[in-house]
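Down below is the structure, laid out as C-alpha coordinates.
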Amino acid sequence: MDNQHTILVCSSCASTWQDGKRTGISGGEKLLKELEEKHQDWALSKEFTVKSVECMSACSHSCAVAFAASGKMTYLFGDLNHDSEALPETSSAVLECASLYYEKSDGQMAWSERPQAMKKGVLARIPSLQ
(Lines give C-alpha, C1' and ligand atoms only; values in the text may rest on other atoms or scores of the structure.)
Protein backbone atom coordinates (compact mmCIF):
# COMPACT_ATOMS: atom_id res chain seq x y z
CA MET A 1 0.00 0.00 0.00
CA ASP A 2 1.46 3.30 -1.01
CA ASN A 3 -0.96 5.79 0.56
CA GLN A 4 -0.26 7.33 3.93
CA HIS A 5 -2.32 6.17 6.87
CA THR A 6 -3.02 8.29 9.94
CA ILE A 7 -3.91 7.58 13.55
CA LEU A 8 -5.65 10.64 14.97
CA VAL A 9 -5.68 10.97 18.76
CA CYS A 10 -7.94 13.41 20.60
CA SER A 11 -5.62 15.28 22.94
CA SER A 12 -8.41 16.97 24.86
CA CYS A 13 -10.20 13.73 25.82
CA ALA A 14 -10.52 13.07 29.55
CA SER A 15 -9.39 16.56 30.49
CA THR A 16 -9.72 18.07 33.92
CA TRP A 17 -11.26 21.53 33.94
CA GLN A 18 -10.94 24.26 36.53
CA ASP A 19 -12.41 27.74 36.17
CA GLY A 20 -13.13 27.08 32.49
CA LYS A 21 -9.52 26.08 31.69
CA ARG A 22 -7.91 22.70 31.15
CA THR A 23 -5.50 21.71 33.87
CA GLY A 24 -2.90 18.99 34.03
CA ILE A 25 -2.33 16.30 31.45
CA SER A 26 -5.45 14.86 29.80
CA GLY A 27 -6.09 11.17 29.28
CA GLY A 28 -5.85 11.82 25.55
CA GLU A 29 -2.40 13.38 25.92
CA LYS A 30 -1.26 10.38 27.96
CA LEU A 31 -2.58 7.99 25.30
CA LEU A 32 -0.94 10.07 22.56
CA LYS A 33 2.43 9.94 24.34
CA GLU A 34 2.16 6.17 24.81
CA LEU A 35 1.26 5.69 21.13
CA GLU A 36 4.09 7.94 19.93
CA GLU A 37 6.60 5.94 21.98
CA LYS A 38 5.35 2.56 20.70
CA HIS A 39 5.04 3.92 17.15
CA GLN A 40 8.82 4.39 16.94
CA ASP A 41 9.46 0.62 17.12
CA TRP A 42 6.30 -0.50 15.35
CA ALA A 43 6.64 -2.48 12.10
CA LEU A 44 4.26 -0.07 10.31
CA SER A 45 5.77 3.16 11.63
CA LYS A 46 6.69 4.30 8.11
CA GLU A 47 3.14 3.68 6.88
CA PHE A 48 1.34 5.57 9.66
CA THR A 49 1.53 9.05 11.08
CA VAL A 50 0.28 9.65 14.61
CA LYS A 51 -1.35 13.07 14.88
CA SER A 52 -2.80 14.99 17.78
CA VAL A 53 -6.24 16.54 17.27
CA GLU A 54 -7.44 19.18 19.72
CA CYS A 55 -11.02 17.83 19.87
CA MET A 56 -12.98 15.13 18.07
CA SER A 57 -16.29 16.05 19.74
CA ALA A 58 -16.45 12.66 21.45
CA CYS A 59 -16.23 14.10 24.96
CA SER A 60 -18.75 11.68 26.44
CA HIS A 61 -16.72 8.78 24.99
CA SER A 62 -13.16 9.54 26.14
CA CYS A 63 -10.62 8.62 24.92
CA ALA A 64 -11.09 8.77 21.15
CA VAL A 65 -8.85 7.77 18.24
CA ALA A 66 -9.51 7.54 14.51
CA PHE A 67 -7.93 5.72 11.58
CA ALA A 68 -7.93 7.47 8.21
CA ALA A 69 -6.40 6.91 4.78
CA SER A 70 -7.21 7.94 1.25
CA GLY A 71 -9.62 5.54 -0.44
CA LYS A 72 -10.59 3.86 2.84
CA MET A 73 -13.32 4.14 5.41
CA THR A 74 -12.49 6.32 8.38
CA TYR A 75 -13.12 4.75 11.78
CA LEU A 76 -13.67 6.72 14.99
CA PHE A 77 -13.30 4.75 18.21
CA GLY A 78 -14.20 5.99 21.67
CA ASP A 79 -14.40 4.74 25.24
CA LEU A 80 -10.74 3.67 25.16
CA ASN A 81 -9.33 3.04 28.63
CA HIS A 82 -6.92 5.84 29.53
CA ASP A 83 -6.13 4.85 33.12
CA SER A 84 -2.38 4.84 33.71
CA GLU A 85 -2.29 1.09 34.33
CA ALA A 86 -4.31 0.38 31.17
CA LEU A 87 -2.43 2.68 28.77
CA PRO A 88 0.11 0.07 27.60
CA GLU A 89 -2.69 -2.39 26.78
CA THR A 90 -4.84 0.29 25.16
CA SER A 91 -2.03 1.63 22.98
CA SER A 92 -1.06 -1.90 21.91
CA ALA A 93 -4.67 -2.59 20.94
CA VAL A 94 -4.80 0.65 18.92
CA LEU A 95 -1.66 -0.32 16.97
CA GLU A 96 -2.91 -3.89 16.48
CA CYS A 97 -6.20 -2.56 15.12
CA ALA A 98 -4.32 -0.05 12.94
CA SER A 99 -2.35 -2.97 11.47
CA LEU A 100 -5.62 -4.68 10.58
CA TYR A 101 -6.92 -1.43 9.06
CA TYR A 102 -3.75 -1.17 6.97
CA GLU A 103 -4.21 -4.69 5.59
CA LYS A 104 -7.76 -4.01 4.35
CA SER A 105 -7.93 -2.38 0.94
CA ASP A 106 -11.12 -0.52 1.87
CA GLY A 107 -10.29 -0.20 5.58
CA GLN A 108 -13.37 -2.15 6.60
CA MET A 109 -12.69 -4.25 9.70
CA ALA A 110 -14.99 -6.97 10.97
CA TRP A 111 -15.88 -6.82 14.66
CA SER A 112 -14.52 -10.33 15.20
CA GLU A 113 -11.09 -9.39 13.80
CA ARG A 114 -10.48 -6.39 16.03
CA PRO A 115 -8.58 -6.65 19.33
CA GLN A 116 -10.81 -6.89 22.40
CA ALA A 117 -10.25 -3.28 23.46
CA MET A 118 -11.40 -2.10 20.01
CA LYS A 119 -14.51 -4.26 19.63
CA LYS A 120 -16.69 -1.82 21.51
CA GLY A 121 -16.71 1.90 21.17
CA VAL A 122 -17.00 2.37 17.42
CA LEU A 123 -18.51 5.85 17.24
CA ALA A 124 -18.45 6.19 13.46
CA ARG A 125 -17.51 4.36 10.31
CA ILE A 126 -17.41 6.95 7.55
CA PRO A 127 -17.30 5.81 3.91
CA SER A 128 -14.46 6.96 1.70
CA LEU A 129 -15.14 9.84 -0.67
CA GLN A 130 -13.19 8.07 -3.41
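What you see is a predicted model, and the numbers here were worked out from it, not measured in a lab. Reckoned from all heavy atoms, side chains included, excluding hydrogens, waters and symmetry mates.
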Hey, are Thr49 and Gln4 close enough side-chain-wise for a donor-acceptor pair under 3.5 Å?
-> yes
The single option from Cys59, Cys55, Cys63, Ser26 passing side chain to side chain contact (heavy atoms under 4.5 Å, CB included) against Cys13 |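 Going through Cys59, Cys55, Cys63, Ser26 one by one, the side chain to side chain contact (heavy atoms under 4.5 Å, CB included) with Cys13 is satisfied by Cys63 alone.
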Out of curiosity, [X] [atom1] to [Y] [atom2], how far, rounded to the nearest 0.5 Å?
X: Asn81; Y: Ser91; atom1: CG; atom2: OG; value: 11.0 Å
X: Trp42; Y: Ser99; atom1: CH2; atom2: OG; value: 4.5 Å
X: His61; Y: Met56; atom1: NE2; atom2: CE; value: 14.0 Å
X: Ser105; Y: Lys72; atom1: OG; atom2: NZ; value: 7.5 Å
X: Ile7; Y: Leu44; atom1: CD1; atom2: CG; value: 9.0 Å
X: His39; Y: Leu35; atom1: NE2; atom2: CG; value: 9.0 Å

Look only at the side chain of [X] and the backbone of [Y], and say whether a donor-acceptor pair between them is shorter than 3.5 Å.
X: Tyr101; Y: Met73; answer: yes
X: Lys38; Y: Pro88; answer: yes
X: Ser92; Y: Glu89; answer: no

Shared hydrophobic cluster for [X] and [Y] (ILVMFWY, side-chain gaps under 4.5 Å):
X: Leu123; Y: Leu31; value: no
X: Leu76; Y: Leu95; value: no
X: Val53; Y: Val94; value: no

Below 4.5 Å, heavy atoms only, C-beta onward: do [X] and [Y] meet side chain to side chain?
X: Asp106; Y: Ser128; answer: no
X: Glu85; Y: Asp83; answer: yes
X: Leu8; Y: Val65; answer: no

Glu113: salt bridge (charged side-chain N to carboxylate O under 4.0 Å, His left out) partners, not counting sequence neighbours | Lys104
Which heavy atom of [X] sits nearest to which heavy atom of [Y], and what is that distance?
X: Ser60; Y: Asp79; result: O-OD1, 4.1 Å
X: Ser52; Y: Leu32; result: CB-CD2, 3.6 Å
X: Glu29; Y: Gly24; result: OE1-O, 4.0 Å
X: His82; Y: Ala14; result: NE2-CB, 3.3 Å

Please output the side-chain donor-acceptor pairs of residues 114-122 that fall under 3.5 Å, not counting sequence neighbours, one pair per line with the distance.
| residue | atom | partner | partner atom | Å |
| --- | --- | --- | --- | --- |
| Arg114 | NE | Met118 | O | 2.9 |
| Arg114 | NH1 | Met109 | O | 3.4 |
| Arg114 | NH2 | Lys119 | O | 3.1 |

Would Cys97 and Phe77 satisfy side chain to side chain contact (heavy atoms under 4.5 Å, CB included), going step by step from the backbone distance to the final call?
-> CA-CA 11 Å; Cys97 195; Phe77 291 91; 4.0 Å; yes
Partners passing side chain to side chain donor-acceptor pair (under 3.5 Å) against Ser12 (at least two apart in sequence or in another chain) | none
Centroid separation Tyr102 to Phe67 less than 6.0 Å =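 No, ring centres 6.0 Å or more apart.
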